[in-house]
Amino acid sequence: MVLEVNSVDILADCLDVMEKTFSEMPDFETTIDIQAMRPILLETALKMQDNYPYAHPLYAGQMLKPPHPIARLAYMMALWVNPNNHALDGGRASSQMEKEVVVDIARMFGWPNDHLGHLTSGGTMANLEALWIAEQIHPGKTIVASSQAHYTHSRITQVLKIPYQSVAIDELGRMSMEDLEKQLKTGSIGTVVVTLGTTGIGAVDPLDEIIKLQEKYDFRIHIDSAYGGYFRLAENLAKPATDAFALTQAADSIVVDPHKCGLQPYGCGCILFKDPSVGRYYQHDSPYTYFSSDELHLGEISLECSRAGAGAVALWTTMKMLPLNKKGQFATEIMSTHLAAMNLYNKIANDADELSIIEPQTNIVVWAPLKSKASELSKLSQQLFDTAAEHNLHLATIQLPSSWLAKYWPNVDFDEETVTCMRSCLMKAEHIDWVDDIWNIYKSLPR
Ligand SMILES: *Cc1c(COP(=O)(O)O)cnc(C)c1O
């Protein structure tokens with residue numbers, strides 16, 4: 001079975017417990033026609049057959065996987081109330097849960113005491129809030145991020161009308177310190193976006209070296225670890241990535257997406273600020289929202305108004321089962337995904353018919369099938385991606401710049417500016433046991 005259903009029974013018991021809250025309310029009859037729902041829902045289920053098997057370990061393509069069953073059940077349970085974490089009136093329990101998970105995530109990044117943060121609908125919104133605050137603090141100054149940073153940074157800065165520049169990458173696909181310093185020397189840079197775990201290849205920018213540049217230049221550091229943030233818990237990464245993750249506490253703001261590597265349903269990002277006083281920038285007058293108490297309403301420190309309280313309930317419940325401890329099961333599973341990526345990388349590196357690039361810094365592997373010309377290699381990558389799917393192996397492709405690949409593949413004739421390569425995100429705990437199967441299917445494909 002690809003879809004886990006054994007846990008569904010727990011839901012009815014939970015709803016019984018929740019119903020007790022309302023025992024003093026008079027009965028009322030719902031007008032909903034439950035009989036009419038069934039055929040329509042079954043029709044929907046038929047439509048939902050048009051999907052890739054994201055839950056299966058042979059889905060090893062994009063950053064996609066279903067949430068942990070406990071997150072799914074907690075989210076569904078919350079939907080019977082449908083709390084809105086904009087204000088305490090909209091969801092008292094779920095707002096409290098949000099505050100608690102944010103404290104634990106901040107602690108993971110090295111901020112045990114002071115910080116300000118909340119959940120968002122995702123990484124894009126979380127980064128938007130961080131760059132918006134950066135602009136309030138350094139008005140008119142430029143924001144920079146590496147050329148491998150998430151594409152939304154350049155778009156967010158367009159929306160916010162903030163000047164934006166891209167920084168070149170080094171041989172490991174990380175932000176180039178040489179190019180960054182060149183740009184810092186102009187004196188126009190206000191914020192450096194440091195990506196810990198790039199979306200394309202999982203590269204980890206050298207945060208430790210970027211921090212050293214703060215001795216000479218005055219700039220803010222925003223960490224975008226929407227994808228890679230939980231690797232802060234990993235103890236098996238190579239030294240450069242370990243050194244970068246060790247210093248997250250030095251940043252001014254941090255983004256992590258629980259809906260990427262944190263086992264959550266979509267709609268769950270998180271933004272954290274080191275300085276709680278940035279809350280003053282969020283101040284607004286709302287004539288209708290806050291009446292229940294003087295306690296902090298999360299809508300007072302968030303750009304979004306309505307937010308899914310169910311997301312906070314799901315994350316709180318998941319973190320109760322899998323706390324963010326360095327030696328805990330969650331950390332072990334994060335580490336196993338890196339190990340799975342290393343195992344796949346080693347197979348590629350030892351195969352004369354494959355072109356390897358760099359060791360995975362997190363859990364994403366990029367490579368290409370051997371060909372003498374870049375254009376042929378791109379074509380073959382696309383073909384292997386298509387035929388792999390026909391054999392139930394779901395990989396991904398990525399466009400990488402020829403200028404960067406040339407160092408690694410001296411014998412390839414680069415007749416294109418960018419090359420289509422193979423890409424695999426090994427983000428499931430189960431992947432460690434499936435690398436051989438993934439490899440065997442891939443190697444059996446006709447070329
Ligand atoms: C996914 C991702 C984002 C965007 O987050 P969404 O949750 O998709 O909006 C931003 N930065 C990085 C590094 C990411 O991997």
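Remember, it's 1-based here, ligands and their atoms both numbered in the order they're listed.
No donor-acceptor distance shorter than 3.5 angstrom exists from the side chain of S147 to the backbone of S166, with no hydrogens or angles considered. K65 contributes a side-chain N or O that, together with a main-chain N or O of M427, makes up a donor-acceptor pair within less than 3.5 Å. Panel note: side chain K141, backbone T191; no donor-acceptor pair is recorded below 3.5 Å.
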For residues 47-58, run the donor-acceptor check on the side chains, cut-off 3.5 Å, and write out each pair with its distance to 0.1 Å, sequence neighbours left out.
{"residue": "N51", "atom": "ND2", "partner": "M48", "partner atom": "O", "Å": "3.0"}
{"residue": "H56", "atom": "ND1", "partner": "L58", "partner atom": "N", "Å": "2.9"}

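Remark: W132 engages Y282 in a ring-ring contact (aromatic ring centres under 6.0 Å, His included) (not counting sequence neighbours). Partners of T418 by side chain to side chain contact (heavy atoms under 4.5 Å, CB included), not counting sequence neighbours, listed by chain and number: Q399.
At a heavy-atom cutoff of 4.0 Å, ligand 1 is surrounded by G122, G123, T124, N127, H150, G197, T199, D224, A226, Y227, D257, H259, K260.
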